[in-house]
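The structure appears below as structure tokens.
Index from 1, following the sequence.
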Amino acid sequence: MISRKDVPFLPRGVRLKHDRVRGFDVLLGPERVVTLDEIGKSILDYVDGARDVARVAEALSAKYSAPKEVIEPDVQAFMQDLIEKGFVHVAP
């Protein structure tokens with residue numbers, strides 16, 4: 001399980017893209033795609049290879065005026081799912 005101190009990043013070949021035709025955001029990987037909702041897109045906006053999970057949660061907490069204690073477990077679960085699918089890696 002990803003910890004709050006892990007630093008997630010998008011590996012080579014994975015990128016965020018807005019599909020203008022369909023009007024939603026996607027995470028593109030080699031031969032696969034994940035459709036993102038507003039929250040998923042917001043989380044990935046803060047995944048830059050420099051911020052750890054705790055700092056991503058802090059930024060989202062400030063953006064949405066929500067308790068960090070509520071947001072952080074959701075961020076960890078979202079990141080873990082993307083790690084298992086190969087869309088996100090964790091810095092060594």
- Would you mind listing every salt bridge (charged side-chain N to carboxylate O under 4.0 Å, His left out) that reaches into residues 12-30, with sequence neighbours excluded? Asp19-Arg22
- Please determine if Asp48 and Arg51 form a salt bridge, counting it only when a charged side-chain N lies under 4.0 Å from a carboxylate O. yes
- List the steps, then state whether side-chain contact (heavy atoms from CB on, under 4.5 Å) holds for Glu58 with Val75. CA-CA 10 Å; Glu58 286 172 14; Val75 171; over 6 Å; no
Which atom pairs, donor and acceptor, lie under 3.5 Å between side-chain atoms of residues 82-90 and protein residues at least two apart or in another chain?
from	atom 1	to	atom 2	distance (Å)
Glu84	OE2	Gln80	NE2	3.2
Lys85	NZ	Asp81	OD2	3.2

- Taking all atoms of both residues into account, what is the closest heavy-atom pair of Asp6 and Ser3, and its distance? OD2-N, 2.8 Å
- Task: Search all heavy atoms of Pro30 against all heavy atoms of Gly13 and return the closest pair with its distance.
- Result: CD-O, 3.6 Å
- Item | Worked verdict on Leu36 versus Phe78 for side-chain contact (heavy atoms from CB on, under 4.5 Å) | CA-CA 11 Å; Leu36 300 170; Phe78 181 72; 4.1 Å; yes
- Would you say Tyr46 and Phe9 are hydrophobically clustered, going by side-chain heavy atoms of ILVMFWY under 4.5 Å? no
- Backbone N or O of Val26 within a donor-acceptor pair of the Thr35 side chain at under 3.5 Å? no
- Item | Value rounded to 0.5 Å, distance of CD in Glu38 from CG in Asp45 | 10.0 Å
- Check the pair Leu60, Ser42 against side-chain contact (heavy atoms from CB on, under 4.5 Å), reporting the backbone distance first and the verdict last. CA-CA 8 Å; Leu60 292 165; Ser42 291; 3.9 Å; yes
- So, does Gln76 use its side chain to make a donor-acceptor pair with the main chain of Ile2 at under 3.5 Å? yes
- Looking at Lys41 and Asp37, does any basic side-chain N land under 4.0 Å from a carboxylate oxygen? no
- Task: Show the numbers, then the answer: is there a side-chain contact (heavy atoms from CB on, under 4.5 Å) between Leu27 and Val14?
- Result: CA-CA 7 Å; Leu27 188 58; Val14 175; 3.7 Å; yes
- Task: Please report the shortest heavy-atom distance between Gly23 and His18, naming the atom on each side.
- Result: C-CE1, 3.8 Å
